[in-house]
Amino acid sequence: MTNVEKSENKIGFEVGDVIEVSMKIEYDIPAEDEEKSVIDLSDYDAKYEIHYSYPRDLGFSFLDFKVDAGYSADFGDDIEQYIEESIEQDLEEISEYELVDVDNRGEYQTARIRVKALKEN
């Protein structure tokens with residue numbers, strides 16, 4: 001029997017696994033601006049925190065990044081779009097998935113990813 005070493009980038013998912021994903025968005029709005037009647041969020045820096053929670057005690061991963069005022073994230077503050085654009089980088093061993101239970105409203109969004117197929121070695 002040979003010992004097969006796992007790639008460092010592989011987590012060890014199985015078809016049917018469900019991965020919990022959350023995205024928290026925080027805008028850096030100074031206290032004096034919070035009293036304005038109209039707030040344009042593009043005037044403020046935004047911090048994004050993406051959290052993946054893996055099944056079967058496989059652990060979790062956490063990504064955070066900032067988008068400067070005047071710019072917007074490519075995914076338009078939507079967790080579903082974020083997953084579609086980033087899954088190949090964030091969860092590279094997954095080749096096919098299904099999004100379920102998506103709540104993409106507001107500054108705290110959640111979704112679940114069901115693994116349908118894994119990439120071949």
Side-chain angles (χ1 to χ4, degrees):
M1 186 161 99
T2 60
N3 185 11
V4 178
E5 191 171 309
K6 277 183 159 180
S7 165
E8 288 183 31
N9 295 332
K10 290 203 174 187
I11 296 166
F13 295 122
E14 295 175 1
V15 172
D17 279 350
V18 176
I19 302 159
E20 306 279 337
V21 187
S22 65
M23 179 171 71
K24 181 179 176 185
I25 308 166
E26 289 183 350
Y27 295 95
D28 188 17
I29 302 173
E32 61 271 11
D33 285 3
E34 289 182 4
E35 297 176 16
K36 290 181 177 179
S37 59
V38 176
I39 294 178
D40 182 355
L41 294 177
S42 67
D43 291 339
Y44 306 97
D45 294 347
K47 180 181 176 187
Y48 294 84
E49 296 176 359
I50 312 294
H51 184 264
Y52 290 95
S53 181
Y54 308 132
R56 297 179 291 105
D57 295 325
L58 292 173
F60 62 92
S61 65
F62 182 80
L63 308 158
D64 67 329
F65 54 92
K66 184 176 112 178
V67 174
D68 293 329
Y71 296 94
S72 63
D74 293 340
F75 52 89
D77 291 350
D78 184 309
I79 193 169
E80 186 170 1
Q81 285 184 299
Y82 174 82
I83 292 169
E84 289 173 3
E85 292 179 15
S86 303
I87 195 165
E88 287 184 18
Q89 295 164 290
D90 294 352
L91 304 172
E92 62 187 41
E93 68 190 271
I94 297 173
S95 65
E96 190 176 340
Y97 66 94
E98 173 186 16
L99 279 175
V100 293
D101 300 328
V102 176
D103 178 0
N104 57 355
R105 294 167 287 154
E107 294 176 1
Y108 184 78
Q109 301 177 27
T110 59
R112 294 171 30 162
I113 300 170
R114 180 172 294 121
V115 177
K116 294 178 81 177
L118 300 169
K119 292 180 182 170
E120 299 282 325
N121 288 340

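Values below: every heavy atom of this structure, side chains too, minus hydrogens, waters and symmetry copies.
The side-chain hydrogen bond (donor to acceptor under 3.5 Å, both in side chains) search around Ser42 returns Asp40, not counting sequence neighbours. The side-chain hydrogen bond (donor to acceptor under 3.5 Å, both in side chains) search around Asp43 returns none, not counting sequence neighbours. Residues satisfying the side-chain hydrogen bond (donor to acceptor under 3.5 Å, both in side chains) test with Gln89, not counting sequence neighbours, are none. Checked against side-chain hydrogen bond (donor to acceptor under 3.5 Å, both in side chains), Glu49 has the following partners two or more places apart in sequence or in another chain: Lys47.
Of all the heavy atoms in Tyr82 and Asp90, the pair that sits closest is OH-OD2, 2.7 Å. Here the closest heavy-atom approach between residue Leu99 and residue Ile83 is recorded as CD2-CD1, 3.7 Å. For the pair Gly16 and Arg114, the tightest heavy-atom approach, listed with the atom from each and the gap, is O-CG, 4.3 Å.
In this structure, the side chains of Asp33 and Ile39 stay at 4.5 Å or more apart for every pair of heavy atoms. Contact check for Ile19 versus Tyr97: no side-chain heavy atoms found under the 4.5 Å cut-off.
Atoms NZ and CD1, on Lys24 and Ile50 in that order, are 12.0 Å from each other to the nearest 0.5 Å. Here the CG atom belonging to Leu58 is positioned 6.5 Å from the CZ atom belonging to Phe13, to the nearest 0.5 angstrom.
Although no hydrogens or angles enter the test, the distance criterion places a donor-acceptor pair under 3.5 Å between the side chain of Arg56 and the main chain of Gly12. In this structure a side-chain-to-backbone donor-acceptor pair under 3.5 Å is missing from Lys116 to Glu98.
Counting non-hydrogen atoms of neighbouring residues, nucleotides and ligands closer than 6.0 angstrom, the CD atom of Glu96 exceeds 12 such neighbours. Atom CD of Glu35 is surrounded by 12 or fewer heavy atoms from other residues, nucleotides or ligands within 6.0 Å.
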For a quick test of your reading: what N or O donor-acceptor pairs under 3.5 Å do the side chains of residues 103-112 make, sequence neighbours left out?
unit_1, atom_1, unit_2, atom_2, d
Asp103, OD1, Arg105, N, 3.4
Asp103, OD1, Arg105, NE, 3.4
Asp103, OD1, Arg105, NH2, 3.3
Asn104, ND2, Asp78, OD1, 3.4
Asn104, ND2, Asp78, OD2, 3.0
Gln109, OE1, Ile79, N, 2.8
Gln109, NE2, Asp77, O, 2.8
Gln109, NE2, Gly106, O, 3.0
Arg112, NE, Asp101, OD2, 3.4

Listed pairs under 3.5 Å, donor-acceptor, residues 59-75 side chains, sequence neighbours left out:
unit_1, atom_1, unit_2, atom_2, d
Ser61, OG, Tyr54, OH, 2.7

